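Values in this document were obtained by computation on a predicted structure and should not be read as measured data.
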Amino acid sequence: MTSPAPLEASPTGLNWSGNVRYASTGVVQPPDLAGVQEAVAGAAAAGTRVRALGSRHSFSTVADTDGLHLSTRGLGTRVEVDADGLAAVPSGATYAEVAAQLHAAGRALHNMGSLPHISVAGACATGTHGSGDGNGALATAVRGLELVTASGEVVRLDADHPDLPGAAVSLGALGVVTRLWLATEPAYDVAQTVWTDVPADALADEIEAVMGSGHSVSVFDDLRDPSVVSAVFVKQRVDGRADLAPVLAGRPSAAGPVHPVPGIDPAPATEQGGVSGPWHERLPHFRAEFVPSVGEELQTEYFVPRAAIREARAALAEVADQVAPVLMVHELRTVAADELWLSGAHGRDTVAIHFTWRPEPGPVGEAVRLLERVLAPYDPRAHWGKVAGGTVPRCDPAGAARFAVLRDRLDPGRAFGNAFLDAELDSLAAAQSST
């Protein structure tokens, strides 16, 4: 079989937000699994590194390579659901594509990310999340995966395989993931309601109750007015509504649709106003047919223990006036603890502290370094796929050390490595080994 020609010449282009120009020599998109095997093995044999290229929604260089980018979009988007509700999903499919098929089959995922536009494999590989006190990150739905190693061998890890907690969030460092098996449940409906200009002091007093007011809850604030919080988005399952926090229950909800970023046209936002609808049309913040979020932006996210939510919010308030000028919006959401070695929520219930920035790398860099200083007492972890200042680890060092052993076994030649992984993973594993 002849290897497919590159889709693009070097440079391969930009990531979604335009802040990363990929350094790869080209992109290939094999039409089937055999083509992926041949492309990977051929590149590795020639000493060329390979990285899987997803939907390009990372703001860091986690997906970059000085070798070959390989897209798995050629493997299709068709989802197959077995009698037990286990869904076999091609790795290049987006959550929007997968969710529509699952819903048509009467099935659902436990949660969705803010953006339905992201690829399933990419979101899982970077520990990207949905939100909600009882909801694990998207990768916690993974019950198996298939990947191609540097030799071209196909490796499948099932639900009971001891390596799956390391491979579900793997940053593409073990091989090219070609298929995942996701746990599903019966389809359900969700109603989304938004409250705007919520009194900041009352919200602070009830923050745990606010975050538990729905299946998925997001608190948005542009940090420009310390007396109010811009908006609280509550997504409640119709089959199991939670009790609203008093600060929300005692005030009217927004009269019309609201964009998560203050002042932006709300047309791209998923339906609000308490109107129930299918899970996949309410859990994301944005509709699949629109450009997600703002588009021209940068993003940063830190994960801290949920028990520190009050202290972390107070620390952020102290630097709000320094951060606000370059900020579009700040978001709080919660994530349940998991056992995935490289996950931001590994081993602890978590609050995700997210920032959507204006596309100004210099000022954003200064703001990020400031945030890392004030969050340092709360054991923060930085999101793998987002802008960070380099002083905060991206995962639990113990998890990184376990992952290093798995990586040495599956990719001893570092065929799937890059400079980002060398800096982040190897330093964490070394620090853990020295303790």
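Looking at R73 and Q29, their side chains come closer than 4.5 Å, going by heavy atoms from C-beta outward. Inter-residue side-chain proximity for L171 and E424 is flagged as unmet; no heavy-atom pair is nearer than 4.5 Å. With contacts defined as side-chain heavy-atom distances shorter than 4.5 Å, the pair L164/V142 qualifies. Proximity of S114 to P284: side-chain heavy atoms (C-beta onward) are nowhere separated by under 4.5 Å. Residues V405 and F403 are not in side-chain contact: their nearest non-hydrogen atoms beyond the backbone lie 4.5 Å or more apart. Taking 4.5 Å as the limit, every side-chain heavy atom of H117 sits out of range of all side-chain heavy atoms of T94. Side-chain contact between E366 and Q322: absent, with no pair of heavy atoms (C-beta onward) separated by less than 4.5 Å. Taking 4.5 Å as the limit, every side-chain heavy atom of W279 sits out of range of all side-chain heavy atoms of D189.
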Going through the distances and angles, do L86 and L182 end up as a side chain to side chain contact (heavy atoms under 4.5 Å, CB included)? CA-CA 6 Å; L86 194 65; L182 305 181; over 6 Å; no
Determine whether L138 and L109 satisfy the following criterion, side chain to side chain contact (heavy atoms under 4.5 Å, CB included), listing intermediate values before the conclusion. CA-CA 9 Å; L138 298 174; L109 297 172; over 6 Å; no
Practice task
List the steps, then state whether salt bridge (Lys or Arg N to Asp or Glu O under 4.0 Å) holds for R358 with E296.
Solution key: CA-CA 7 Å; R358 301 183 187 282; E296 295 184 3; over 6 Å; no
message = Go through it in stages, so that I can follow the logic: the residues are R51 and D66, the test is salt bridge (Lys or Arg N to Asp or Glu O under 4.0 Å), and I'd like the CA-CA distance, side-chain angles, deciding distance and then a yes or no.
response = CA-CA 9 Å; R51 296 289 289 163; D66 57 5; over 6 Å; no
- Query: Between T128 and H383, is a side chain to side chain donor-acceptor pair (under 3.5 Å) present by the stated rule, with each step listed?
  - Reply: CA-CA 8 Å; T128 301; H383 191 293; 3.2 Å; yes
task: Evaluate ring pair (Phe, Tyr, Trp, His ring centres under 6.0 Å) for H259 paired with F286, printing each intermediate quantity in order.
output: CA-CA 9 Å; H259 193 286; F286 302 101; 5.3 Å; yes
Quiz item: For F416 and V176, what are the C-alpha separation, side-chain angles and deciding distance, and is it a side chain to side chain contact (heavy atoms under 4.5 Å, CB included)?
Solution: CA-CA 8 Å; F416 303 102; V176 173; 4.0 Å; yes
Test side chain to side chain contact (heavy atoms under 4.5 Å, CB included) on L375 and V392; report intermediate values, then the result. CA-CA 9 Å; L375 290 175; V392 170; over 6 Å; no
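One finds a salt bridge joining D426 and R407 here, because a Lys/Arg side-chain nitrogen approaches an Asp/Glu carboxylate oxygen to under 4.0 Å. R402 and D163 are not joined by a salt bridge, as no carboxylate oxygen comes within less than 4.0 angstrom of a charged side-chain nitrogen. A salt bridge links D133 with R306: the closest approach of a Lys/Arg side-chain nitrogen to an acidic carboxylate oxygen falls below 4.0 angstrom. With respect to the salt-bridge test (charged N to carboxylate O, under 4.0 angstrom), the residues E331 and R333 qualify. No salt bridge links E271 with R287; every basic N to acidic carboxylate O contact stays at or beyond 4.0 Å. For E97 and R78, the salt-bridge test fails: no basic side-chain N is under 4.0 Å from an acidic carboxylate O. The pair E146-R156 does not count as a salt bridge, with every side-chain nitrogen at least 4.0 angstrom from each carboxylate oxygen. Under 4.0 Å is where a charged nitrogen must lie from a carboxylate oxygen, and between D396 and R348 no such pair does.
D422 and N418 form no side-chain donor-acceptor contact under 3.5 Å, judged by distance and modelled atom types alone. Side-chain N/O atoms of S343 and D338 include a donor and acceptor closer than 3.5 Å. If you check the side chains of Q192 and T270, you find a donor sitting under 3.5 Å from an acceptor. Using modelled atom types and a 3.5 Å distance limit, the side chains of E301 and Q299 yield no donor-acceptor pair. No side-chain N or O of S91 forms a donor-acceptor pair with one of T178 less than 3.5 Å apart. S216 and S131 share a donor-acceptor pair across their side chains, judged by distance under 3.5 Å alone. When only modelled atom types and interatomic distance are considered, S60 and S58 share no side-chain donor-acceptor pair under 3.5 Å. No side-chain N or O of H330 forms a donor-acceptor pair with one of D221 less than 3.5 Å apart.
For P186 against A108, the heavy-atom pair with the smallest separation is O-CB, 4.0 Å. Between Y378 and A308 the shortest heavy-atom distance is CD2-CB, 4.2 Å. Considering all non-hydrogen atoms of both residues, L342 and A400 come closest at CD2-CA, 3.9 Å. Of all heavy-atom pairs between A231 and V194, the closest is CB-CG1, 4.2 Å. The shortest heavy-atom contact between V238 and A191 is CG2-N, 4.2 Å. Pairing each heavy atom of L406 with each of W341, the nearest pair is CD2-CZ3, 3.9 Å.
Atom-to-atom distance recorded for M112:CE and I118:CD1 is 8.5 Å, nearest 0.5 angstrom. Remark: L174 CG to D408 CG distance equals 10.5 Å, nearest 0.5 Å.
Judged by distance alone, the side chain of R56 and the main-chain N or O of L53 form no donor-acceptor pair under 3.5 Å. Using a distance-only test at 3.5 Å, with no hydrogens or angles considered, a donor-acceptor pair links the side chain of D64 to the main chain of A23. No side-chain donor-acceptor contact under 3.5 Å links R394 to the backbone of G344. S55 places a side-chain N or O within 3.5 Å of a backbone atom of S119 that can act as its donor or acceptor partner. At least one donor-acceptor pair under 3.5 Å links the side chain of R224 to the backbone N or O of A324. Side-chain atoms of E339 never come within 3.5 Å of backbone atoms of T140 as a donor-acceptor pair (strictly under, hydrogens ignored). No side-chain donor-acceptor contact under 3.5 Å links D379 to the backbone of V304.
Residues passing the ring pair (Phe, Tyr, Trp, His ring centres under 6.0 Å) test with F233, sequence neighbours excluded: F220, H285. The ring pair (Phe, Tyr, Trp, His ring centres under 6.0 Å) check on W357 picks up F355, with sequence neighbours excluded. The salt bridge (charged side-chain N to carboxylate O under 4.0 Å, His left out) check on E360 picks up nothing, with sequence neighbours excluded. Here H280 pairs with H103 under the ring pair (Phe, Tyr, Trp, His ring centres under 6.0 Å) rule; sequence neighbours left out. Not counting sequence neighbours, Y95 has no partner by the ring pair (Phe, Tyr, Trp, His ring centres under 6.0 Å) test.
For residues 127-175, the set of pairs meeting the ring-ring contact (aromatic ring centres under 6.0 Å, His included) definition, not counting sequence neighbours, comprises H129-F303.
The only option from E372, R381, K386 that meets the side-chain hydrogen bond (donor to acceptor under 3.5 Å, both in side chains) definition with Y302 turns out to be E372.
Between W16 and F59, the ring-plane angle classifies as perpendicular under the 30° and 60° cut-offs.
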